[in-house]
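See structure below.
Just so we're on the same page: letters track the sequence lines, and every chain starts at 1.
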2 protein chains.
Amino acid sequence: MPTPHYGQPRYRAIADELRERIESGVIPRGVPLPTESALTAEFRAARGTVRQAIAALRDAGLVATQHGRGTYVTPDQHQLAENSETETQQRKVAADAELAALFAVEVGAALVEEQILIRANGAVGTVVRTYRMPQTK
Amino acid sequence: MPTPHYGQPRYRAIADELRERIESGVIPRGVPLPTESALTAEFRAARGTVRQAIAALRDAGLVATQHGRGTYVTPDQHQLAENSETETQQRKVAADAELAALFAVEVGAALVEEQILIRANGAVGTVVRTYRMPQTK
DNA sequence: AGAAATTTGTCCGTATGTATC
DNA sequence: AGATACATACGGACAAATTTC
């Protein structure tokens, strides 16, 4: 099989098809996308092409991929807006090993953490923690 | 040559090297990057790997590519701050005591963590961690 | 104006590494 | 430890846009 891509590239057609399934609900939010090999078989495309399609969806924020686990459809943010309230608090925390590496400081160094709780109907649905270096100026 | 990518992937090392040349002025702003085949020869890497490196620079806004022409170093935005890029990673983590209380689950229960790194001029400035329950129905 | 050369874009197939289950 | 799934890398082929002759 040669490599014809007249008009629309193959990977874009696959991406559009998957996007359609997500937005129409054929693939519900929060569940994993078919695996790369499943998509490879379904669309008769090489894995690289399938990965290109998934990358496009990822760039669009529609899905998120986890190494070794799969690619998951991102939960729909629009629906959360109704009964949701947020609660924010700030505190000083010590850098763990990972944060220390990211910020290039020593383990245990002081960081500012802002924690936002997002409640839907009373129950905590999402916790967002933002870390920054303390402002020194 | 097999395909070892212990530690840092090859394409990232190439991207870092090119970024270094750009930021140090070895490759001035506004001029074209070496062609893909030139980079292929210089780094002894496959073209796909070189293209992956260039894609990383493109995502970071350092270069822009034009079909049939080449990849050009973006003119200096040098009014700072807009040189920020993000990197997102998702993983499964065990709930610590606090998160367990917030989500009303047991300590150690599986949560999905999405971590976003916000870089300004290469250095991590902000880390955002979002926690959710897996498989929300 | 047209043909050839150059350069990036797309696609295939395969192999191996790494993370997760 | 084995199976599954995504990540990285190679090499080859052809397509499309641009430049050069």
Find out whether B:Arg132 and B:Leu111 are in side-chain contact, i.e. whether some heavy atom of one side chain is under 4.5 Å from a heavy atom of the other.
no
Rounding to an integer number of Å, can you tell me how far B:Ile14 CD1 sits from D:dT8 P?
13 Å
Within this structure, what is the CZ-to-P distance between B:Arg91 and C:dA19, rounded to whole angstrom?
13 Å
Nearest to side-chain heavy atoms of B:Tyr11, which nucleotide of C:dG9, D:dA9, C:dG13:
D:dA9
Touch check for A:Gly48, heavy atoms < 4.0 angstrom, all strands: base, sugar-phosphate only, or nothing?
nothing
Atom-to-atom span, CZ of A:Arg58 to C1' of D:dA7 - whole angstrom
10 Å
Are B:Val127 and A:Glu98 side-chain neighbours, meaning at least one heavy-atom pair lies under 4.5 Å?
no
Length of the CD-P vector between B:Gln89 and C:dT18, whole Å
16 Å
Does a side-chain N or O from A:Thr71 land closer than 4.0 Å to OP1 or OP2 of D:dA5, or not?
no
I want to verify a distance call: between C:dT8, D:dG11, C:dC12, whose nearest atom is closest to the B:Arg51 side chain?
C:dT8
Would a hydrophobic clustering, with Ile, Leu, Val, Met, Phe, Trp and Tyr connected at side-chain separations under 4.5 Å, put B:Leu102 with B:Val107?
no
Are any of the side-chain heavy atoms of B:Glu113 and B:Leu99 separated by less than 4.5 Å?
no
Distance, rounded to the nearest Å, where A:Glu36 contributes CD and C:dG17 contributes P
18 Å
List, with names and distances, any nitrogen or oxygen atoms from the protein found under 3.5 Å away from nitrogen or oxygen atoms belonging to nucleotides 18-21 of chain D.
{"from": "D:dT19", "atom 1": "OP1", "to": "B:Arg69", "atom 2": "NH1", "distance (Å)": "2.5"}

Return the value, rounded to whole Å, for the distance between atom CZ of A:Phe43 and atom C1' of C:dC12.
17 Å
Please tabulate, one pair per line, all N/O donor-acceptor pairs under 3.5 Å involving side-chain atoms of residues 48-64 of chain B, not counting sequence neighbours.
{"from": "B:Arg51", "atom 1": "NH1", "to": "B:Glu36", "atom 2": "OE2", "distance (Å)": "2.8"}
{"from": "B:Arg58", "atom 1": "NH1", "to": "B:Thr65", "atom 2": "OG1", "distance (Å)": "2.7"}

Would the distance check show the side chain of A:Arg119 and the main-chain N or O of A:Val124 forming a donor-acceptor pair, the cut-off being under 3.5 Å?
no
Are A:Thr49 and C:dT10 close enough that a side-chain N or O sits under 4.0 Å from OP1 or OP2?
no
Give the rounded distance in Å between these two atoms: CZ of B:Arg10 and C1' of C:dT16.
15 Å
Kindly write out the residues that satisfy salt bridge (charged side-chain N to carboxylate O under 4.0 Å, His left out) with B:Arg69, not counting sequence neighbours, or none if the list is empty.
none
Contact nearer the 5' end of DNA chain C, comparing B:Thr65 with B:Lys92:
B:Thr65
What is the distance from CD of A:Gln52 to C1' of D:dC6, rounded to the nearest Å?
16 Å
Less than 3.5 Å between a donor and an acceptor, one on the side chain of B:Arg47 and one on the base of C:dG9, is that the case here?
yes
